[in-house]
Amino acid sequence: MTVPPVPATSLFDQVGSERLRQVLWAFYARVTADETLGPVFTRRIGPFPQAGWSLHLARLEGFWRAVMGGPGAYRGRPGPAHSGLGIEPAHFDRWLALWDATLRDLLPPPEASALLALAQRMRPNLERFSALAERLS
Ligand code: HEM
């Protein structure tokens, strides 16, 4: 008798779109209130949660859906989006600390660690772009 394979569930299936959206809004509320990160985002997107934030969060939701194996059609270029903004390594340290704290507050530990690991792996590439002075997009 053959045992049917256990269907593979994606990280997106485990977290679900509603909780992903909650995580993103909670995270950017903290980011924009932070004295290191806040000014970079407010300069570019405007005061949270008004101005361009709904659009920005919709883009980010598409991005996270894609990297979590969920449905979506993200077509952005995260690298160039980080060049020319004056982002230093300290910004990345803080970003990841707030991401970790938000994930721990809102998700069970396995999902929180998986989402933290994804962002940690993206850091070196985004950091290379952030060192470029000119915006490429
Ligand atoms: C590993 C950490 C990070 C990840 C995964 C990440 C991810 C992203 C993504 C997916 C976008 C949207 C790109 C697009 O499609 O337009 C974005 C935009 C942006 N990020 Fe990050 N980011 C990180 C760190 C940072 C840091 C440290 C800062 C600086 C404080 C920052 C500032 C911004 C800003 C200002 C935008 C908007 C750019 C624009 O629309 O012109 N990010 N980020």
Side-chain angles (χ1 to χ4, degrees):
M1 194 185 93
T2 50
V3 181
V6 178
T9 58
S10 66
L11 181 56
F12 176 77
D13 290 332
Q14 291 162 45
V15 173
S17 62
E18 194 48 45
R19 278 195 307 164
L20 174 61
R21 201 168 300 136
Q22 278 167 12
V23 164
L24 291 174
W25 279 95
F27 174 63
Y28 284 98
R30 291 183 191 192
V31 161
T32 49
D34 183 78
E35 60 176 24
T36 306
L37 300 175
V40 181
F41 284 89
T42 308
R43 263 197 305 274
R44 187 79 203 145
I45 300 165
F48 184 87
Q50 295 103 35
W53 278 98
S54 300
L55 188 62
H56 186 59
L57 281 161
R59 286 179 78 78
L60 289 167
E61 200 182 319
F63 168 80
W64 284 105
R65 276 173 178 262
V67 297
M68 291 162 74
Y74 174 74
R75 293 282 178 271
R77 297 168 68 220
H82 294 85
S83 66
L85 295 172
I87 308 177
E88 307 275 343
H91 289 101
F92 278 96
D93 291 342
R94 190 72 189 133
W95 193 106
L96 286 166
L98 292 180
W99 183 237
D100 187 19
T102 310
L103 296 170
R104 283 169 190 272
D105 285 349
L106 297 179
L107 297 178
E111 296 159 21
S113 349
L115 274 168
L116 176 63
L118 279 176
Q120 283 167 334
R121 261 182 265 145
M122 293 171 204
R123 176 178 176 162
N125 182 46
L126 295 182
E127 216 168 354
R128 266 194 297 279
F129 275 98
S130 70
L132 297 174
E134 299 298 322
R135 280 185 65 76
L136 303 176
S137 52

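Here, residue 1 is the first one in the sequence, and each next residue gets the next number. Just so you know, ligand 1 is whichever comes first in the structure, and atom 1 is the first atom listed for that ligand.
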| Pair Phe41-Phe48, ring-ring contact (aromatic ring centres under 6.0 Å, His included): steps then yes or no | CA-CA 9 Å; Phe41 284 89; Phe48 184 87; 9.8 Å; no
| said: Give the atom numbers and elements of ligand 1 that come within less than 4.0 Å of a heavy atom of Leu37. | reply: 30 (C)
| Would the number of heavy atoms belonging to other residues, nucleotides or ligands and lying under 6.0 Å from CD of Glu35 be above 12? | no
| message | Any atom of ligand 1 sitting under 4.0 Å from a heavy atom of Gln120? | response | no
| query | Any donor-acceptor pair under 3.5 Å linking the side chain of Arg19 with the backbone of Gln14? | reply | yes
| field | For ligand 1, the portion of Val31 having any non-hydrogen atom under 4.0 Å away | value | neither
| request: Answer with yes or no whether the side chains of Thr102 and Asp105 bring together a donor and an acceptor at under 3.5 Å. | output: no
| query | Looking at CE of Met122 and CG of Leu96, how far apart are the two atoms once the value is rounded to the nearest 0.5 Å? | reply | 10.0 Å
| Ligand-residue contact atoms, ligand 1 with Gly76, heavy atoms, under 4.0 Å | 15 (O)
| remark: Separation between CG (Leu24) and CZ (Arg59), nearest 0.5 Å, reads 14.0 Å
| query | For Arg123, is at least one N or O under 3.5 Å away from an N or O on ligand 1? | reply | no
| request: Check each atom of ligand 1 against the heavy atoms of Leu60 and keep those under 4.0 Å away; list them by number with element. | output: 8 (C), 9 (C), 10 (C), 11 (C), 12 (C)
| query | Are any of the N or O atoms of His91 closer than 3.5 Å to those of ligand 1? | reply | no
| query | Does Arg21 use its side chain to pair, donor to acceptor, with the backbone of Leu57 at less than 3.5 Å? | reply | no
| field | Subset of ligand 1 atoms that lie under 4.0 Å from at least one heavy atom of Ala81 | value | 13 (C), 38 (C)
| Would you call Asp100 and Arg104 a salt bridge, using N to O less than 4.0 angstrom? | yes
| Atoms in ligand 1 flagged as close to Met122, the criterion being non-hydrogen separation under 4.0 Å | 5 (C)
| said: With a heavy-atom distance limit of 4.0 Å, tell me whether Phe92 approaches ligand 1 through its side chain, its backbone, both, or neither. | reply: both
| Can you list the ligand 1 atoms lying under 4.0 Å from a non-hydrogen atom of Leu85? | 34 (C), 35 (C)
| message | Using a 4.0 Å cut-off to any heavy atom of Tyr74, which atoms of ligand 1 qualify? | response | 13 (C), 14 (C), 15 (O)
| Looking only at heavy atoms, is any part of Arg94 under 4.0 Å from ligand 1, and if so is it the side chain, the backbone, or both, or is it neither? | neither
| message | Which of the numbered atoms in ligand 1 are under 4.0 angstrom from any heavy atom belonging to Ala119? | response | 1 (C)
| task | Please work out which of the three classes, parallel, tilted or perpendicular, describes the rings of His56 and Trp53, given edges at 30° and 60°. | result | perpendicular
| note | The single option from Leu20, Leu115, Val67 that satisfies side chain to side chain contact (heavy atoms under 4.5 Å, CB included) with Leu11 is Leu115
| query | Heavy atom of Trp99 under 4.0 Å from ligand 1? | reply | no
| task | Going by heavy-atom distance to atom 30 (C) of ligand 1, choose the closest among Trp95, Trp64, Phe41. | result | Phe41
